[in-house]
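Notes follow the structure.
Just so you know, these numbers come straight off a predicted model, no measurement behind them.
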Number of protein chains: 2
Amino acid sequence: MATPNISLTVDAIVFGYEPKEGLSVLLVKRKYPPFKGRWAIPGGFVKEKESLEQAVERELEEETGVKVNYLEQLYSFGNPKRDPRSRIVTIAYYGLVRSSNFELFAATDAEDAQWFHLHELPKLAFDHQKILDYALERLQNKVSYQPIGFKLLNEKFTMEEIHHLYEVIYNRKLDRRNFRKKFLKLDILEELEEKSGGGRGRPGSYYRFDEKKYLKLEKEGMSFEV
Amino acid sequence: MATPNISLTVDAIVFGYEPKEGLSVLLVKRKYPPFKGRWAIPGGFVKEKESLEQAVERELEEETGVKVNYLEQLYSFGNPKRDPRSRIVTIAYYGLVRSSNFELFAATDAEDAQWFHLHELPKLAFDHQKILDYALERLQNKVSYQPIGFKLLNEKFTMEEIHHLYEVIYNRKLDRRNFRKKFLKLDILEELEEKSGGGRGRPGSYYRFDEKKYLKLEKEGMSFEV
DNA sequence: TATATTTGTGTATAAATTACGCAATATGAA
DNA sequence: TTCATATTGCGTAATTTATACACAAATATA
């Protein structure tokens, strides 16, 4: 037998976050059958000379204009019947984008690519709902032992923002005071002079994730746990 | 552009365990270039109509005669230069086999497929060492929050056996008495009448993993943690 | 029968988690 | 200005979990 006729694609679940909106997911509307008109997660065929990550970033750029701030391989889906046309195996990734990059869709019509609230999703094409479920589960696990939550926030953020982010990701309440203590004890945040003015009560400090310090502590065997 | 010429393979790191030997890995000797004569992890091309898991099990059967007791997708490796011939993306799995299935190589010459002690490995072909490192890391993490360790043991096992298994996987000492208490408190082991005779000191009970009970407790929100 | 060896049980101490009280600092309305 | 309200920041008691280790029970062997 010659090499079997199997095609390889990459797909990406891209998560975005806004304090008021919660978690959102980036979707594209399909222009051609199968599933024409349905919403799907962005992705496409891998080119022969590009890496898998390059393929994901290229497809995201082409289809949505979004640049991710974090990208991680999720799982490969290879059920022979997952695409009604032919055998297509997809390597799924998930990505995170900053609030500030949230709005831009330079490359396409707003019609074709859109953010959806995580809990108000349309019916998706192919096995994309399954991939999304898998991605959310991974995100929930991963933020608990790797400091990737920051990738969904701006460079500067308040305790309230990151606390709320974790509540939204876990989908449950976390005691504000204990969360704060636990997070600060990790000793990977740099407290800034600036305070969050404008709000109702007492202003809180802005913080920045100190990646260098984190990497140093990680090497020394410290473990991030939230 | 037509569909790019990318081939898809599956590869599998297969772990075995024996109390005296510790962890072992199943390797095959390559018959053709590149890397002719080198040891490699078993694997091969995915057929058009088979699932990825079927492909892994078929290749394992063909190349080594081994049937795994547990199989889990690990990661997909797609660096464009990982194979010197052409673009080959591989979806790597890892598998676990019972001690009792450990010895059989029905399908091939003993020359072609062999178990190697984890810490006495030959130099491997392609990026297979990287895949192996990844698999070991995954195994170490996974046994701590999913009851898959049993898949490396016989149906019946003593406390000493599973304790030693965890020490070998983690590569560090664990207090025997605390390990026992923690494990029994999970309430997923069935204690059998039979005792382990023949040894030196006081005989210990045999246990069996009660999968039904585990699945029930898991549904109720219990979490396995060792 | 004595000794060595291994299993099984218990317990004291330390560390981490959880629940929650309250002062400090701001806004906005009376 | 003063008071009510909102939010941050700090602390502490109670509970749970983890760790270290003592010792009795059961067996093989010298």
**Message:** Test your reading of the model: is there a side-chain donor-acceptor pair from H128(B) to the backbone of I41(B), 3.5 Å cut-off?
**Reply:** yes

**Message:** If we ignore hydrogens and angles and just use 3.5 Å, is the side chain of Q73(B) paired with the main-chain N or O of Y75(A) as donor and acceptor?
**Reply:** no

**Asked** CD of E161(A) versus P of dT7(D): gap in Å, rounded?
**Response** 14 Å

**Item:** Nearest-nucleotide 5' precedence on DNA chain C, G204(B) against P203(A)
**Value:** G204(B)

**Message:** Looking only at side-chain N and O atoms, does Y170(A) offer a donor or acceptor that is under 3.5 Å from a partner on Q140(A)?
**Reply:** no

**Item:** Whole-Å distance separating the CZ atom of R200(B) from the C1' atom of dT6(C)
**Value:** 10 Å

Polar pairs (N or O, both sides) under 3.5 Å between protein and nucleotides 19-21 of chain D?
{"unit_1": "dA20(D)", "atom_1": "N7", "unit_2": "N178(B)", "atom_2": "ND2", "d": "2.9"}
{"unit_1": "dA20(D)", "atom_1": "N6", "unit_2": "N178(B)", "atom_2": "OD1", "d": "3.2"}
{"unit_1": "dA20(D)", "atom_1": "N6", "unit_2": "K181(B)", "atom_2": "NZ", "d": "3.3"}
{"unit_1": "dC21(D)", "atom_1": "N4", "unit_2": "R177(B)", "atom_2": "NE", "d": "3.3"}

**Asked** Whole-Å distance between dT7(C) C1' and H163(B) NE2?
**Response** 12 Å

**Request:** Go through the structure and list residues passing salt bridge (Lys or Arg N to Asp or Glu O under 4.0 Å) with R38(B), not counting sequence neighbours.
**Result:** none

**Request:** Under 4.0 Å between any heavy atoms, over every strand shown, what does G199(B) touch: base, sugar-phosphate, or nothing? Just pick one.
**Result:** sugar-phosphate

**Asked** Taking atom C1' of dT9(C) as reference, at what distance in whole Å does atom CZ of F179(B) sit?
**Response** 17 Å

**Item:** Rounded distance (Å) that lies between atom P of dT17(C) and atom CG of L186(A)
**Value:** 10 Å

**Message:** Closer than 4.0 angstrom, basic N to acidic O: yes or no for E167(A) and K173(A)?
**Reply:** yes

**Asked** Given the side-chain rings of Y207(B) and F183(B), with only the six-membered ring counted for Trp, is the space between their centroids under 6.0 Å?
**Response** no

**Request:** Please confirm whether any donor atom in the side chain of R202(A) sits under 3.5 Å from an acceptor in the base of dT25(C), or the reverse.
**Result:** no

**Request:** Check whether any side-chain nitrogen or oxygen of S196(B) sits under 4.0 Å from OP1 or OP2 of dT7(C), and answer yes or no.
**Result:** no

With the criterion being N/O to N/O and under 3.5 Å, what pairs connect the protein with nucleotides 15-17 of chain D, and how long is each?
none

**Prompt:** Touch check for S205(B), heavy atoms < 4.0 angstrom, all strands: base, sugar-phosphate only, or nothing?
**Reply:** sugar-phosphate

**Asked** Are the charged groups of E72(B) and R138(B) less than 4.0 angstrom apart, N to O?
**Response** yes

**Asked** Roughly, in whole Å, what's the span from CD in E160(A) to P in dA6(D)?
**Response** 15 Å

**Prompt:** Would H164(B) and E160(B) count as having a side-chain donor-acceptor pair, cut-off 3.5 Å?
**Reply:** no

**Request:** Examine the side chains of E137(B) and N141(B) and answer whether a donor and an acceptor come within less than 3.5 Å of each other.
**Result:** no

**Request:** Take atom NE2 of H164(B) and atom P of dT6(C), then tell me their distance rounded to the nearest Å.
**Result:** 13 Å

**Request:** Compare side-chain N and O positions of R180(B) against OP1 and OP2 of dT7(C) and report whether any pair is under 4.0 Å apart.
**Result:** no

**Asked** How long is the line joining NZ of K195(A) and C1' of dT7(D), in whole Å?
**Response** 13 Å

